[in-house]
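Single-structure report; data block below.
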Amino acid sequence: MSEQMIRVLIAGPRGKMGKEAVKMVKETEHFSLVAVIDRKNGGKKLRELEGQPDIDVPVYDDLRTCVSEVEADVLIDLTRPEAGKKHLEIALEYGIRPVVGTTGFSDEDIEDYSRIAEEKEIGAVIAPNFAVGAILMMKFAQMAAKYMPDVEIIEKHHDQKLDAPSGTAMKTAQMIKEVRASKKQGHPDEKEDLQGARGGDYDGVRVHSVRLPGLVAHQEVLMGATGQTLSIRHDTIDRSAFMPGVKMAVEMVMKLDILVYGLENLME
């Protein structure tokens with residue numbers, strides 16, 4: 001029995017992640033790319049855009065117009081926080097299942113969108129990181145923090161990333177908070193001679209952000225205890241690393257009737 005064909009929209013096909021998503025959807029037999037959303041190229045065909053495959057898919061500059069004219073099952077959005085939130089809201093409004101990989105969602109945002117998805121009984125996935133190895137890094141860090149609660153997070157990304165800290169770093173800190181009692185780390189009289197030197201503070205966990213050209217996405221979780229340290233690290237070498245996770249999210253969101261935040265909640 002063949003798998004159900006899933007009709008997919010992609011927002012931001014010219015972006016580095018968007019290009020990988022177009023390639024992944026094109027190469028997946030039971031996925032069908034039905035349209036893309038690109039704010040600068042509405043009215044064109046995907047094949048007319050530089051660096052895109054030779055496929056006759058319409059380009060829209062507005063998601064609302066697109067979903068009123070094109071039948072779709074899933075929206076993949078790997079753009080920026082402002083666009084990602086707007087697109088997620090429109091997708092839910094029109095009964096399309098969003099798979100969103102942008103960061104910048106607050107706890108309140110997640111609660112609001114979860115309520116909408118539950119009311120509409122439609123699946124949605126928001127994932128700060130789609131790399132399976134990064135998800136394992138977060139899960140391992142959560143396991144370890146239960147026994148080694150002195151933790152610092154160092155995340156490193158390319159210098160074009162707009163938000164700091166990364167969504168992955170914040171998700172890691174949130175997962176650690178679930179198993180770790182709040183505590184202030186370091187010397188009780190510690191002071192910063194250079195503001196920000198100790199990084200951000202999330203429930204006592206220090207979070208540091210590095211932005212440099214040449215980096216893609218990297219994170220290290222450092223833990224210290226008497227006479228020992230533990231380092232859990234993940235490095236994304238190429239953006240293609242995210243696509244197996246995006247593919248899994250697209251397949252799984254078709255079976256959901258709630259919003260799921262974090263790819264780890266889709267992994268057995």
Side-chain angles (χ1 to χ4, degrees), residues 3 5-38 41 46-47 49-55 57 59 73-81 83-84 87 97-104 125-140 155-163 166-169 171-172 210-220 232-254 260 262-268:
E3 294 183 82
M5 184 63 72
I6 301 174
R7 299 166 297 182
V8 179
L9 303 173
I10 294 177
R14 289 183 295 113
K16 292 177 180 178
M17 287 284 284
K19 285 181 179 178
E20 292 292 341
V22 168
K23 181 180 177 183
M24 180 274 292
V25 171
K26 182 175 178 288
E27 293 176 352
T28 303
E29 286 188 6
H30 58 288
F31 289 1
S32 173
L33 183 61
V34 293
V36 299
I37 296 86
D38 184 308
N41 290 286
L46 185 60
R47 55 180 163 74
L49 306 190
E50 185 178 353
Q52 296 294 340
D54 185 20
I55 50 179
V57 169
V59 180
D73 301 305
V74 175
L75 166 70
I76 298 175
D77 188 294
L78 305 171
T79 58
R80 296 183 175 185
H87 289 163
R97 297 164 187 266
V99 172
V100 180
T102 56
T103 55
V125 175
I126 300 174
N129 198 316
F130 280 106
V132 172
I135 305 306
L136 294 174
M137 174 265 298
M138 290 189 277
K139 292 173 77 75
F140 296 158
E155 59 93 352
K156 306 174 185 179
H157 282 79
H158 54 88
D159 61 345
Q160 298 303 300
K161 185 171 178 61
L162 297 178
D163 56 322
S166 68
T168 299
K171 178 65 174 176
T172 305
V210 177
R211 298 290 178 266
L212 288 171
L215 296 171
V216 179
H218 316 261
Q219 181 169 298
E220 187 171 15
I232 303 171
R233 174 172 172 158
H234 177 263
D235 294 284
T236 301
I237 309 304
D238 186 87
R239 288 174 177 81
S240 59
F242 300 114
M243 290 308 111
V246 175
K247 179 176 179 289
M248 178 173 69
V250 171
E251 293 169 337
M252 293 295 291
V253 78
M254 293 296 294
V260 171
L263 195 67
E264 71 279 2
N265 295 308
L266 298 179
M267 296 171 62
E268 295 180 0

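The distance from the CD1 atom of I232 to the CG atom of L136 is 11.0 Å, given to the nearest 0.5 Å. Within the model, atoms CG of L9 and CD1 of I37 stand 5.0 Å from one another, a figure rounded to the nearest 0.5 Å. Taken from NZ in K161 to CZ in R80, the straight-line distance is 11.0 Å, to the nearest 0.5 Å.
For the pair V100/H87, no side-chain contact is recorded, criterion being any heavy-atom separation below 4.5 Å from C-beta on. Residues R211 and H157 meet the side-chain proximity criterion, which asks for heavy atoms closer than 4.5 Å.
Counting all heavy atoms, side chain and backbone alike, P128 lies closest to G262 at CD-CA, 4.3 Å. Here the closest heavy-atom approach between residue L46 and residue P13 is recorded as CD1-CB, 4.2 Å. Nearest heavy-atom pair across D77 and A83 is OD2-O, 4.1 Å. P81 approaches T102 most closely through the heavy-atom pair N-CB, 4.1 Å. Summarising the geometry of V253 relative to P98, their closest heavy-atom pair is CG2-O, 4.1 Å, with the distance given to 0.1 Å. Taking each heavy atom of V57 and A35 in turn, the nearest pair found is CG1-CA, 3.4 Å.
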>> The test is side-chain contact (heavy atoms from CB on, under 4.5 Å); show your working for R14 and N41 and say whether it passes.
In response: CA-CA 10 Å; R14 289 183 295 113; N41 290 286; 3.3 Å; yes
>> Pair M248, L263 - check side-chain contact (heavy atoms from CB on, under 4.5 Å), show working.
In response: CA-CA 9 Å; M248 178 173 69; L263 195 67; 3.7 Å; yes
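The residues D73 and R7 are annotated as salt-bridged, a charged nitrogen and a carboxylate oxygen being separated by less than 4.0 angstrom.
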Please tabulate, one pair per line, all N/O donor-acceptor pairs under 3.5 Å involving side-chain atoms of residues 234-242, not counting sequence neighbours.
residue	atom	partner	partner atom	Å
H234	NE2	A134	N	3.4
D235	OD1	H218	ND1	2.8
D235	OD1	R233	NE	3.2
D235	OD1	R233	NH2	3.0
D235	OD2	R233	NE	2.8
T236	OG1	A217	O	3.4
D238	OD2	S240	N	2.9
D238	OD2	S240	OG	2.7

Using distance only, find each side-chain donor-acceptor pair of residues 15-34 under 3.5 Å and give its atom names and separation, not counting sequence neighbours.
residue	atom	partner	partner atom	Å
T28	OG1	M24	O	2.7
H30	NE2	E251	OE2	2.8

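Of the residues T172, T168, N129, the one that meets the side chain to side chain donor-acceptor pair (under 3.5 Å) test with Q219 is T172.
Here K171 pairs with E264 under the salt bridge (charged side-chain N to carboxylate O under 4.0 Å, His left out) rule; sequence neighbours left out.
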